[in-house]
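Computation of the quantities below employed the complete heavy-atom set of this structure, encompassing side-chain atoms and omitting hydrogens, waters and symmetry-equivalent molecules.
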Amino acid sequence: ASRRLTTRECLLGDVTSSDKMATLMPLLEKHLPVVRAALNEDIGAIVHKSSIVIKFLCVNIVLFYLVSFAESIIPYLSVTPGNLIPTSFHIWTLLTYPVLEIHFWNVIIDLTVLMMCARVIEPLWGALEILIYFLVVNTSVAVVAVAVYLLVYGSTGSPDYLFDTHVLGLTGFIAAISVALKQLMPDKMVISVPLVHLRMNHMPTMLCLYSSIKVILGFSDFSAPMMTISGAMFGWLYLRFYQLHNNMRGDLSDSFTFASFFPEIAQPFIAVMANTLYSGLVKAGICKKAVRKYDVGAPSSITISLAGATERVDAERRRQKALKALNERLGKQDDQTAWPSLEDPSQQQSPPTSPNPKTAPDTLAKTSAPFKPSKPVDAARGGKPGPLPGVGSEGVGVSPPSNAAAGTSTVVDIETTLPSTDYPEKT
């Protein structure tokens, strides 16, 4: 049985490639969750489920890489600042330069990013939105690159920046894809080692730092960080203000602000500068003022719609969480306001309700209460009782006795709406 090699032996020792892969793959699966997820996926299934846009881009990247071995054709497929402006005006290079790569490892990186885009982003956006995002970002990156090299040429006077500089590759779009992944899954773990925990929320900033460090160390030219930074910037601008979501544009959530791309200690200062710049662009008419829309007429209990956040992956999760908290709060209120039981002492002594004099005549015809006095009526009055003390003649009906005679006592029935009262004896 072959022994497990150490990492130092894999990097410095004279061992075969199969032994290196057998040792490094467990490390990659342990510390790179993204690689582990990719290994669990069937590449063929991802390619089969991807749209025609992703397949077309993958095929063209491989095809243009093979074409790039003919170095004479590179100026006609890449963006050359001197050829994009009049009088040459090679406008087609805006479409061909992203899929042109001259190094094999860049081809592998491009295909991996497109497969990730097909697996994560395309099911949420659709093929058409992926194509629009691709064209907007790459065209903007090319225009910025040409403008920067024209400024450098104007300051230095060297024609090398116009005709010997070639902008090519999918670097700008990769940075824009990292911004889209930050928007969709900011808490997704990318690298997990004992001292470093890199989430998807940090990827755009890390890519910009990586490309800048490569230029400082001399491993790359100036075009790499320029394409990375401009690609991330234009990707964020499109997603923040212009992407269409159910008749609403942009994503105005607080977790996707420009300051969120920087460390927390620098976010307050960046937010002040970004808000000042944004206010100036709004006053100049370049950008529109952000409008938050609240849908209070939705069929659900509570629906608060922010522009651009309705189709996000975690929007439904936050909505369900808010509804659950609301239902729990309403349930607690129902328990507190429950109807008291009969044994509640606060409900045993309630003041009697007095009749309304305005409704007494109407109630008189409907309610009758028999009344019997404590003493018989005096026969000296001929069997005709007089008014009792405390009872007036209005609202009282007296039914005369049927057999009234002297020396006999008669019981009188009185109909009244007043409550029962014990009357004193007549003296």
Side-chain angles (χ1 to χ4, degrees), residues 28 31-41 43 46 49-51 53-54 57-58 98 106 108-138 140-141 169-192 196-211 227-245 250-263 308-318:
L28 294 177
H31 300 297
L32 295 179
V34 175
V35 175
R36 183 172 64 248
L39 293 175
N40 294 332
E41 291 288 339
I43 301 299
I46 296 177
K49 295 179 181 179
S50 62
S51 65
V53 175
I54 300 297
L57 293 177
C58 293
N106 288 334
I108 299 300
I109 294 175
D110 294 349
L111 295 178
T112 303
V113 171
L114 289 177
M115 290 298 102
M116 183 182 298
C117 180
R119 179 178 176 269
V120 178
I121 302 178
E122 191 179 38
L124 302 175
W125 287 8
L128 181 60
E129 186 63 28
I130 292 291
L131 180 61
I132 293 175
Y133 193 58
F134 178 85
L135 295 176
V136 168
V137 170
N138 287 296
S140 303
V141 168
L170 211 62
T171 304
F173 186 67
I174 291 176
I177 288 296
S178 68
V179 174
L181 293 175
K182 166 186 166 61
Q183 180 195 33
L184 296 175
M185 46 179 64
D187 297 330
K188 179 68 175 179
M189 187 67 68
V190 180
I191 299 176
S192 178
V196 179
H197 298 280
L198 185 62
R199 300 181 183 275
M200 197 65 72
N201 191 33
H202 309 137
M203 284 304 297
T205 305
M206 296 303 297
L207 287 178
C208 294
L209 290 177
Y210 172 73
S211 59
M227 294 176 66
T228 303
I229 295 174
S230 59
M233 176 66 67
F234 285 105
W236 175 79
L237 288 174
Y238 176 78
L239 297 177
R240 178 72 172 176
F241 299 105
Y242 299 103
Q243 190 180 32
L244 186 62
H245 300 272
D251 180 4
L252 302 180
S253 60
D254 296 334
S255 61
F256 197 57
T257 58
F258 182 74
S260 64
F261 289 86
F262 297 87
T310 55
E311 292 185 357
R312 296 183 61 183
V313 176
D314 56 344
E316 183 65 21
R317 176 179 57 84
R318 292 197 300 265

ring-ring contact (aromatic ring centres under 6.0 Å, His included) filter on Phe258, not counting sequence neighbours, yields Trp236, Phe262
Contacts of Tyr242 meeting ring-ring contact (aromatic ring centres under 6.0 Å, His included) (sequence neighbours excluded), chain-then-number -> none
Got Met203 and Leu198 here, is their nearest side-chain heavy-atom distance under 4.5 Å? yes
What residues form a side chain to side chain contact (heavy atoms under 4.5 Å, CB included) with Thr112, not counting sequence neighbours? Ile108
With Val120 via side chain to side chain contact (heavy atoms under 4.5 Å, CB included) - residues at least two apart: Met116, Leu181, Met185
How close do Arg199 and Pro186 get, counting heavy atoms only, and between which atoms? CB-O, 3.8 Å
Roughly how far apart are Leu114 CG and Asp110 CG, rounded to 0.5 Å? 6.5 Å
Roughly how far, to the nearest 0.5 Å, is the CG atom of Asp251 from the CZ atom of Arg240? 6.5 Å
Phe134 vs Ile54 side-chain heavy atoms within contact, under 4.5 Å: no
Between Gly172 and Val137, what is the shortest heavy-atom contact and its length? O-CG1, 3.9 Å
Side chain proximity check, Met115 to Cys58, heavy atoms < 4.5 angstrom: yes
What one should report as the nearest heavy-atom pair of Thr171 and Met227 is CB-CE, 4.1 Å
Would you please name every residue forming a side-chain hydrogen bond (donor to acceptor under 3.5 Å, both in side chains) with Asn106, sequence neighbours left out? none
Not counting sequence neighbours, which residues clear side-chain hydrogen bond (donor to acceptor under 3.5 Å, both in side chains) with Tyr238? List them please. Glu129
Can you measure from CG (Leu184) to CH2 (Trp125) and round to the nearest 0.5 angstrom? 6.5 Å
If you apply the rule side-chain contact (heavy atoms from CB on, under 4.5 Å), what do you find for Val179 with Leu239, and how did you get there? CA-CA 9 Å; Val179 174; Leu239 297 177; 4.2 Å; yes
Can you check whether Ala176's main-chain N or O pairs, donor with acceptor, with Tyr133's side chain at less than 3.5 Å? yes
State the CZ-OG distance between Arg119 and Ser50, to the nearest 0.5 angstrom. 13.5 Å
Looking at every non-hydrogen atom in both residues, tell me the closest pair between Gly250 and His245 and how far apart they are. O-CD2, 3.7 Å
Interatomic distance, CD@Gln183 vs CD1@Ile121, rounded to 0.5 Å, equals 9.0 Å
What pairs with Phe234 under ring-ring contact (aromatic ring centres under 6.0 Å, His included), at least two apart in sequence or on another chain? none
Does any part of the side chain of Phe173, heavy atoms only, come nearer than 4.5 Å to the side chain of Pro98, both counted from C-beta? no
Non-hydrogen atoms of Ile177 and Cys117 that approach each other most closely: CD1-SG, 4.0 Å
Nearest atoms (heavy-atom pairs only) where Ala175 meets Gly231: CB-C, 4.3 Å
Sequence neighbours excluded, which residues qualify as side chain to side chain contact (heavy atoms under 4.5 Å, CB included) partners of Ile229? Cys208
Output for pair (Tyr210 OH, Thr228 OG1), nearest 0.5 Å, gives 10.0 Å
